[in-house]
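Notes follow the structure.
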Amino acid sequence: MNAAVLAAAPPRPAHRDPQVLRWLGAYTASTVGDSVYYLALSWAAVSSGSPAQAGLVMAVSAVPRALLLLFGGVIADRLGPRRVVLASDTARCLVTLGLAAVLLAASPGLWLLAAVALVFGAVDAVFLPAVGALPPRIAPHDQLGRVQGLRGLAHRLGSVLGAPLGGLAVATGGPASAFGAAGALFALSLPLLRALRLRPLPAGEKTGGPVLRDLADGLRHLRGHRVLGPLMIVILLADLGFVGPLNVGLALLAEQRGWGAPGIGWLLAGFGAGAGAASLLLAVRGRLPRAGATLGRTMVLGAVAVAVLAFVPGLPAAVAVAVAVGLLAGVSGALCHALVQTECDPAYLGRVSAVSSLGSLGLAPLGMPLTGAAAGLWGTGPVFVAGAAVCALSGVFALAVPALRRAELPK
């Protein structure tokens with residue numbers, strides 16, 4: 001009788017599930033640690049070399065991440081996402097604490113910072129697909145929308161807390177102190193990750209054999225899926241249209257309008273507030289109706305907002321538009337992640353998460369110098385409009401594919 005009652009009981013909502021809360025705590029600690037690490041790395045690089053050399057050190061990690069990301073998805077599916085995330089945060093903990101110790105004893109120069117950036121890029125290549133593959137292994141299927149909302153909130157919290165925490169650490173003890181703080185945050189995630197218990201994969205769905213064959217199997221799974229295949233195209237187009245103009249273009253826009261560094265801060269705060277509101281909406285509601293159609297429409301509306309942002313003359317109006325961009329991009333991004341996790345066979349989720357991350361975290365950062373060069377040749381306005389056109393194309397494509405347009409999150 002008791003077993004029957006327990007079996008019939010509805011699953012706990014994500015925000016009350018101990019498994020999800022442990023994962024969320026580990027993810028938040030790791031995200032804050034990332035923010036502190038990047039601030040410490042940029043400060044140490046600027047202090048040790050020229051601005052151009054510092055920029056090169058900051059860009060170094062993108063290369064191994066882009067080259068190894070797809071293979072990182074294979075590793076996540078083979079070894080299990082919890083084991084890979086645990087090993088990744090352990091490696092980042094040891095590297096940052098080791099770098100802090102070296103900086104306390106000597107001034108090794110840019111070569112060591114570049115080597116650390118390369119290591120972090122390689123670790124990211126396995127960490128990111130594994131993080132994407134974890135939620136369906138710890139939460140019920142109908143709670144994955146809420147989990148994505150919670151993940152978005154944790155990501156925003158990491159960005160908000162990480163920068164001032166890293167700045168405080170640098171101000172009190174220099175880069176060594178900041179790297180030590182990042183290492184401590186990575187260490188904080190480890191016991192929470194160890195406590196996770198994953199749902200087993202269905203029998204007969206384990207990976208094995210040559211790595212390239214496993215990678216090809218994952219790509220075939222994507223190509224043959226009526227929703228996931230088109231969704232990967234949508235995500236790639238949106239990332240290519242969005243990442244460059246927003247990351248490079250906002251700074252150029254603030255400079256041209258005379259808003260200065262405070263203006264960039266207000267624009268980023270507006271974008272972050274809108275994206276945070278979108279994550280909170282999904283965390284509270286759990287799902288949005290007509291997920292595929294809503295995804296396409298919010299992408300089109302977000303593209304219009306991006307284009308408008310380039311032509312708003314006053315800072316208050318620009319911040320209001322940035323809030324709208326963040327809200328619309330936050331909704332579409334959360335729905336993309338949620339649909340990936342609900343539509344994908346769990347055995348392929350590491351590889352599919354790697355493909356979905358390739359645009360924003362692998363390819364788009366490498367295109368930022370081109371965005372800056374294009375803005376120098378043709379101005380900031382055309383760059384924003386071109387990026388908005390690519391984002392709009394991704395939304396139109398999502399609405400044009402019947403299976404994707406009709407896709408729903410589970411109730």
Side-chain angles (χ1 to χ4, degrees), residues 65-81 84 124-137 141 144-145 147-148 151 201-202 204-243 291-293 295-296 299 332-364 366 390-391 393-410:
R65 189 168 56 217
L67 293 176
L68 301 175
L69 193 58
L70 294 180
F71 297 99
V74 175
I75 293 172
D77 285 335
R78 281 190 169 199
L79 301 182
V84 172
D124 278 348
V126 294
F127 174 81
L128 294 168
V131 164
L134 259 178
R137 303 286 300 277
H141 209 55
L144 291 178
V147 171
Q148 286 308 308
R151 179 182 176 182
L201 289 173
E205 294 188 350
K206 300 288 185 181
T207 58
V211 171
L212 290 178
R213 189 182 70 187
D214 280 349
L215 177 57
D217 287 342
L219 297 177
R220 277 194 294 270
H221 177 69
L222 272 179
R223 186 181 61 186
H225 200 288
R226 297 174 61 204
V227 173
L228 289 176
L231 183 58
M232 292 302 109
I233 297 174
V234 168
I235 293 172
L236 178 61
L237 288 174
D239 287 339
L240 292 177
F242 187 83
V243 172
L295 162 66
M299 279 188 168
S332 60
L335 288 175
C336 283
H337 289 301
L339 285 172
V340 166
Q341 294 188 342
T342 55
E343 292 285 342
C344 185
D345 184 325
Y348 295 96
L349 194 47
R351 284 161 284 182
V352 172
S353 295
V355 174
S356 69
S357 301
L358 186 61
S360 60
L361 300 171
L363 300 179
L366 299 178
V390 177
C391 291
L393 179 62
S394 69
V396 170
F397 181 77
L399 294 171
V401 178
L404 180 54
R405 185 179 66 247
R406 293 193 294 265
E408 294 281 6
L409 296 179

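Quick caveat: nothing in here was measured; it's all calculated off a predicted structure.
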Straight-line distance of Leu295 CG to Leu399 CG, nearest 0.5 Å = 8.0 Å
Calculate, to the nearest 0.5 Å, the distance between atoms CG and CZ belonging to Leu358 and Arg65 respectively.
-> 10.5 Å
Exam field: side chain Gln148 to backbone Leu335, donor-acceptor pair closer than 3.5 Å = no
Where Leu237 and Ser394 come nearest, the two heavy atoms and their spacing | CB-CB, 3.6 Å
Side chains of Cys344 and His221: does their closest heavy-atom pair fall under 4.5 Å?
-> yes
Non-hydrogen atoms of Pro410 and Thr342 that approach each other most closely | CD-CG2, 3.6 Å
Just wondering, do Leu69 and Pro129 contact through their side chains at under 4.5 Å, heavy atoms?
-> yes
Find out whether Leu70 and Arg351 are in side-chain contact, i.e. whether some heavy atom of one side chain is under 4.5 Å from a heavy atom of the other.
-> no
What pair of heavy atoms forms the shortest contact from Ile235 to Cys336, and how long is it?
-> CG1-SG, 3.8 Å
Ile233 versus Val401: any side-chain heavy-atom pair under 4.5 Å?
-> no
Leu134 side, atom CG; Ser353 side, atom OG - distance, nearest 0.5 Å = 9.5 Å
Side-chain touch Pro136/His141, heavy atoms, less than 4.5 angstrom = no
Compare every heavy atom of Ala238 with every heavy atom of Cys391, then report the nearest pair and how far apart it is.
-> SG-O, 3.8 Å
Can Ser356 and Met232 be said to form a side-chain contact (heavy atoms from CB on, under 4.5 Å), step by step?
-> CA-CA 6 Å; Ser356 69; Met232 292 302 109; 3.8 Å; yes
Does some side-chain heavy atom of Leu68 sit less than 4.5 Å from a side-chain heavy atom of Asp124?
-> no
Compare every heavy atom of Ala407 with every heavy atom of Leu339, then report the nearest pair and how far apart it is.
-> CD2-CB, 4.0 Å
For residues 222-230, run the donor-acceptor check on the side chains, cut-off 3.5 Å, and write out each pair with its distance to 0.1 Å, sequence neighbours left out.
from: His225; atom 1: ND1; to: Val227; atom 2: N; distance (Å): 3.1
from: His225; atom 1: ND1; to: Leu228; atom 2: N; distance (Å): 3.1
from: His225; atom 1: NE2; to: Glu343; atom 2: O; distance (Å): 3.3

Check whether any side-chain heavy atom of Leu212 sits under 4.5 Å from a side-chain heavy atom of Phe71, and report yes or no.
-> yes
Hey, could you give me the CG/OH distance between Asp214 and Tyr348, rounded to the nearest 0.5 Å?
-> 9.0 Å
Heavy-atom nearest pair, Leu231 first then Val340, reads CD2-CG2, 3.7 Å
Would you say the side chain of Leu404 lies within less than 4.5 Å of the side chain of Val234, judging by non-hydrogen atoms?
-> yes
